[in-house]
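One structure is given here, and the rest of the page talks about it.
Per chain, numbering begins at 1; letters A, B, ... match sequence-line order.
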Number of protein chains: 2
Amino acid sequence: MDLQQLFQKEGKQLIKKKHEHVFMQGDHDYCFYFVQSGLLKGYYTLETGKEFIKSFVQSQDIIGSLSAVYLEKASTFSLRCLEETTLLEIPYAVLARYGKQYHCIANDIIDLLLKFALKKEQREFEFLCLSAQERYALLLNSSPQLLARVTQNDIAAYLGVTPVGLSRIKQRLTHQVTLT
Amino acid sequence: MDLQQLFQKEGKQLIKKKHEHVFMQGDHDYCFYFVQSGLLKGYYTLETGKEFIKSFVQSQDIIGSLSAVYLEKASTFSLRCLEETTLLEIPYAVLARYGKQYHCIANDIIDLLLKFALKKEQREFEFLCLSAQERYALLLNSSPQLLARVTQNDIAAYLGVTPVGLSRIKQRLTHQVTLT
DNA sequence: CATTAATTTTAACTCGGGTTAATGTAAATT
DNA sequence: AATTTACATTAACCCGAGTTAAAATTAATG
């Protein structure tokens with residue numbers, strides 16, 4: 001048995017409409033979610049009211065709040081649907097139980113965590129070493145189909161700039177391109 | 001047996017002088033390292049020659065290049081001693097073998113990866129949502145003793161600003177503080 | 001279809017941070 | 001002690017991005 005089969009077997013199916021939340025920043029959510037279809041955003045809300053997007057979550061992804069699930073603290077971010085989305089929900093306790101019993105599940109969890117860690121490391125690299133314009137160019141290259149499904153506001157919030165800033169970046173890029 | 005005991009038992013001790021490298025960006029290093037004493041920096045070198053510090057690595061930390069070890073690719077960063085440092089070196093293959101055999105080791109690996117993922121997630125948050133000044137203020141609060149061991153240049157490279165920029169941030173902060 | 005609401009672009013102004021270079025200060029080496 | 005080398009601060013100038021506000025475009029809804 002692998003992790004995905006475990007979700008199929010033990011997961012509870014949730015169907016969420018566009019704009020609905022799976023959980024909110026501050027919640028003590030103790031579940032992981034496998035995305036069967038749809039699109040979501042994980043985002044931070046600051047005291048100032050500003051919103052920043054941690055990640056877009058797509059079909060076949062597994063998502064959960066590590067700080068809520070593992071540290072048993074309040075979730076540091078909210079998870080909200082950008083499109084109608086179907087998920088399979090599984091409590092962490094169930095996952096942990098299977099992990100202890102089946103080595104292959106434990107290995108899948110290690111695998112999942114490693115991929116997650118690598119993804120976060122890559123994003124850290126981009127923020128640490130690259131300009132907003134370079135980050136946008138990378139995103140455009142790696143995920144054009146994702147960008148098409150998402151508003152400019154959300155892309156900006158993902159890059160860590162304002163919508164106005166992103167608009168200027170796009171303008172600069174297209175001018176440069178047509179120059180060459 | 002736990003992970004630290006495994007390092008004691010199977011690890012090979014390395015003693016490195018200040019400025020020596022453990023591995024370099026581009027190397028195919030296949031090991032994890034437990035830091036017994038000393039201080040290191042993991043850093044990216046860009047084609048432009050600019051350096052950015054991914055993380056400082058302190059006593060009791062475990063470090064390795066995930067992309068080198070797990071993806072079997074070239075390491076994306078270099079690891080270099082800021083002080084004389086002693087390490088215990090263990091090949092990933094050995095770790096994986098013990099992980100398969102002993103559940104407690106597998107659990108420790110999951111634990112290690114989770115903590116690493118949480119750390120990277122926190123740093124992602126800081127870059128995504130906070131200004132350089134806010135990041136510096138946080139660092140000053142959370143790790144004053146670390147800052148005392150590290151040069152301004154390295155703190156700047158860790159925050160993602162230039163030494164000149166950091167100097168201005170410090171000036172701004174002390175002026176603000178003395179105003180209140 | 002028309003109106004309202006949401007999204008995107010453009011402009012004017014401000015500010016943080018990069019760049020370069022000069023100055024000051026501390027360490028290291030001979 | 002003297003000189004070189006590394007590290008830190010300061011100043012002048014420039015540019016990218018934030019802010020606010022207005023205009024333009026697109027989408028949603030009665």
Taking atom [atom2] of [N] as reference, at what distance in whole Å does atom [atom1] of [X] sit?
X	N	atom1	atom2	result
B:L166	C:dG16	CG	C1'	14 Å
A:L159	C:dT8	CG	P	13 Å
B:Y136	D:dA8	OH	P	11 Å
A:I169	C:dT10	CD1	C1'	16 Å
B:Q133	C:dG18	CD	P	13 Å
B:Q152	C:dA26	CD	C1'	13 Å
B:R168	C:dA21	CZ	P	16 Å
B:N153	C:dT19	CG	C1'	15 Å

(message) Name the residue from A:K119, A:K120, A:K54 that meets the salt bridge (charged side-chain N to carboxylate O under 4.0 Å, His left out) definition with B:E121.
(response)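 Among A:K119, A:K120, A:K54, the one that satisfies the salt bridge (charged side-chain N to carboxylate O under 4.0 Å, His left out) with B:E121 is A:K54.
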(request) Between B:V150 and A:V161, just flag the one whose closest nucleotide in DNA chain D comes earlier from the 5' side. (result)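 On the 5' side of the pair lies B:V150.
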(request) Could you tell me how the ring of A:F125 sits relative to the ring of B:Y44: parallel (under 30°), tilted (30 to 60°) or perpendicular (over 60°)? (result)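 Perpendicular.
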(message) Heavy atoms only, 4.0 Å cut-off, all strands: where does A:S167 land among base, sugar-phosphate and nothing?
(response)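 Base contact.
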(request) Look at B:K41 together with B:E51 and state whether they make a salt bridge at an N to O cut-off of under 4.0 Å. (result)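 Answer for the salt bridge query: yes.
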(request) Establish, yes or no, whether a centroid distance under 6.0 Å links the rings of A:Y158 and A:Y43. (result)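 No, the ring of A:Y158 stays outside the 6.0 Å limit from the ring of A:Y43, centre to centre.
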Of all the choices, [options], which nucleotide is nearest to the side chain of [X] once you look at every atom?
X	options	value
B:V164	D:dT10, D:dA8, C:dT7	D:dT10
A:Q171	C:dT10, C:dG17, C:dT8	C:dT10
A:T162	C:dG17, D:dT10, D:dT19	D:dT19
B:R172	C:dG17, D:dT9, D:dG16	C:dG17

(message) Under 3.5 Å, is there a donor on one side chain and an acceptor on the other for A:D29 and A:Y92?
(response)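 No.
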(request) Give a yes/no answer on whether the side chain of B:K50 brings an N or O atom under 4.0 Å of OP1 or OP2 in C:dT19. (result)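 Answer is yes, contact under 4.0 Å.
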